[in-house]
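We name chains A, B, ... by the order of the sequence lines, and we start the count at 1 in each one. Because only heavy atoms are used, hydrogens play no part in the values below, and waters and symmetry mates are left out as well, while side chains stay in.
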Amino acid sequence: MSIALIDCNNFYVSCERVFNPRLCGKPVVVLSNNDGCVVARSNEVKALGVKMGVPWFKCRDLAQQHGILAYSSNYALYADMSNRVMRILGALSPAQEVYSIDECFLDLAGCHAPNFTQFGQDIRQRIAQWTGLPVCVGIAATKTLAKLANHMAKKQAQFAGVCDLDAMPPGERDDRLQRIAVGEVWGIGPRLAPKLADLGIRSVLDLQRADPASLRRRFSVSMEKTIRELNGSVCIALEEMAPPRQQIVCSRSFGRPVTELHELNEAITHHMSRAAEKLRQQQSHAGALHVFIRTGEFNRAEPTYNNSLTLPLPSPSDDTRKLVRVALWGLKRIYRSGYRYRKAGVMLSVLASNQGMQGDLFDAPETAQAAKLMQTLDCINRRMGMGTVRLAAEGFSQRWHMRRSSMSPSYTTRWEALPLAS
DNA sequence: ATCACGGTTTGCA
DNA sequence: CTAACGTGCAAACCGTGAT
């Protein structure tokens with residue numbers, strides 16, 4: 001059993017560089033939604049000590065000094081580049097799990113490659129040539145180990161971007177695992193790492209050799225699975241088909257403080273429309289929805305107000321219009337004037353698959369006509385771009401919309417963005 | 001004492 | 001000029017009322 005984890009290096013920054021090669025060799029960051037935090041860093045920026053997830057305003061001085069170039073995130077571009085990469089990789093193996101926008105697992109069992117390290121190099125070469133993106137490849141017996149192998153391929157230059165843990169002599173392997181902090185393990189985050197350290201478990205090797213049963217009692221099942229995976233037994237299966245979500249959340253911070261109900265109405269309508277899209281995409285209906293609004297969580301000088309409301313739906317629905325109507329009703333109930341709201345969102349829950357749904361005695365079932373309408377809406381928006389056809393209640397000026405002060409053109413998804421002669 | 005539930009917190013990526 | 005800090009998901013946890 002061998003699994004490969006292919007992960008793009010500094011993915012968002014690398015995408016920007018593909019279409020703007022002048023950025024190569026320069027310190028570049030990509031910012032999160034609303035230009036809030038640093039979410040991707042070029043190696044030059046990492047070398048300057050800028051940490052992942054730092055609020056951008058806190059790096060402004062350093063950025064000024066070193067001429068760091070900052071881009072707002074351009075999801076249309078990254079999603080398109082991701083699709084290209086995933087399609088290429090998917091063709092190399094009968095089983096692929098797309099784990100996130102920039103990484104996927106491949107089951108190598110079905111790949112008749114004589115030498116997996118060479119196979120990894122071929123992958124790197126092909127992705128570089130066909131998309132312009134740099135990737136690293138980790139290979140091992142389980143997903144957890146493949147993640148770790150990928151980490152080594154990235155951090156240690158002598159691997160040249162490919163690390164096959166199974167091809168490594170056991171002595172050397174233990175030696176390397178000894179030198180990696182336990183917090184690098186997949187599933188061990190900033191909370192668990194210190195707790196493990198209290199027990200004397202500091203390195204990956206320590207965790208690998210820990211007793212799964214006792215750590216399960218102290219922590220959870222997932223901890224036991226992680227330990228077993230580190231020892232080469234598969235506990236976390238490759239999931240080719242993502243299981244349908246149990247809840248769907250859409251929320252955003254505003255580009256500026258919002259005080260008026262009519263603006264919140266627009267934002268909630270927008271978020272609910274997106275949530276309903278996701279809902280229909282996974283072929284579910286929602287049995288309940290949740291609306292929330294909140295003031296800033298960092299600004300302690302301002303009066304705080306957080307509120308939310310969960311509303312059961314009379315019968316499960318996937319109709320944007322019905323969901324929006326209920327959400328706005330809920331919003332009106334929780335809205336208080338006189339606050340500077342910074343964020344709003346919705347959540348759909350009690351999700352049921354479209355097959356075998358229970359009807360309601362007192363509520364009209366969703367009509368075939370409504371289903372057809374939603375289908376058409378989704379079809380147009382998929383083809384012509386997000387939000388081509390939408391509810392007017394989403395508003396037009398959208399003064400609450402997130403900040404994106406410096407976004408690159410969407411080269412691969414908008415004709416107008418191509419720098420052709422006009 | 002135990003269970004199902006719903007809401008909240010925790011944790012991760 | 002100033003103020004400014006992301007999102008989505010699930011599991012664990014906890015209090016409550018019913019059994």
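Checked against salt bridge (charged side-chain N to carboxylate O under 4.0 Å, His left out), A:Arg404 has no partners two or more places apart in sequence or in another chain. For A:Tyr12, the ring-ring contact (aromatic ring centres under 6.0 Å, His included) criterion is met by A:Tyr75, A:Tyr78, not counting sequence neighbours. Residues passing the ring-ring contact (aromatic ring centres under 6.0 Å, His included) test with A:Tyr339, sequence neighbours excluded: A:Tyr305. Contacts of A:His271 classified as side chain to side chain donor-acceptor pair (under 3.5 Å), with partners at least two apart in sequence or in another chain: none.
For A:Ser251, taking side-chain heavy atoms from C-beta onward, the closest of the listed nucleotides C:dC9, C:dG8, C:dG6 is C:dG8.
Residue A:Gln246 is in sugar-phosphate contact alone, with no base atom involved, counting any heavy-atom pair closer than 4.0 Å across all strands shown.
Listed by first and then second residue, the side-chain hydrogen bond (donor to acceptor under 3.5 Å, both in side chains) pairs that reach into residues 26-44 of chain A are A:Asn10-A:Asn43, A:Arg17-A:Glu44, A:Asp35-A:Ser72, A:Asp35-A:Ser405, A:Ser42-A:Glu44, sequence neighbours excluded. Within the structure, every pair that satisfies the ring pair (Phe, Tyr, Trp, His ring centres under 6.0 Å) test and touches residues 385-411 of chain A, not counting sequence neighbours, is listed here: A:Phe19-A:Tyr411, A:His270-A:Trp400. Screening residues 89-99 of chain A for side-chain hydrogen bond (donor to acceptor under 3.5 Å, both in side chains) gives A:Glu97-A:Lys143, A:Tyr99-A:Trp186 as the qualifying pairs, with residues at least two apart or on separate chains.
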Each nucleotide N or O in nucleotides 14-18 of chain C that has a protein N or O under 3.5 Å away: list the pair and distance.
none

Report each atom pair, protein N/O against N/O of nucleotides 3-5 of chain C, whose distance is under 3.5 angstrom.
from  : atom 1 : to       : atom 2 : distance (Å)
C:dA4 : OP1    : A:Asn299 : ND2    : 2.9
C:dC5 : N4     : A:Lys58  : NZ     : 3.4

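Using a 4.0 Å cut-off, some side-chain N or O of A:Arg252 falls inside it from OP1 or OP2 of C:dG8.
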task = Mind running side-chain hydrogen bond (donor to acceptor under 3.5 Å, both in side chains) on A:Gln375 and A:Arg280 for me, showing each step along the way?
result = CA-CA 8 Å; A:Gln375 214 179 314; A:Arg280 293 190 292 270; over 6 Å; no
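Looking only at side-chain heavy atoms (C-beta outward), A:Leu331 and A:Asn265 come within less than 4.5 Å of each other. In this structure the side chain of A:Tyr341 reaches within 4.5 angstrom of the side chain of A:Leu264, judged on heavy atoms.
In this structure, A:Ile101 atom CD1 and C:dC9 atom P are separated by 14 Å, rounded to whole Å.
The cationic group of A:Arg325 does not satisfy the cation-pi geometry with A:Trp329, failing either the under 6.0 Å distance to the six-membered ring centre or the 45° limit from the ring axis.
Of the residues in residues 204-232 of chain A, those lying under 4.0 Å from DNA chain C by heavy-atom distance are A:Ser220, A:Val221.
Paired runs in DNA chain C that reach 3 or more consecutive Watson-Crick or G-U pairs, where each pair keeps both distances under 3.5 Å, cover B:1-13 with C:7-19.
B:dA13 and C:dA4 have their P atoms separated by 30 Å, given to the nearest Å.
By the neighbour-count criterion of 12 heavy atoms within 6.0 Å, atom CD of A:Glu240 is densely surrounded, having more than that number from other residues, nucleotides or ligands.
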remark   = Heavy-atom contacts, protein to nucleotides 8-13 of chain B, under 4.0 Å, summarised as B (base), S (sugar-phosphate only) or - (none) per nt, yield ---SSS
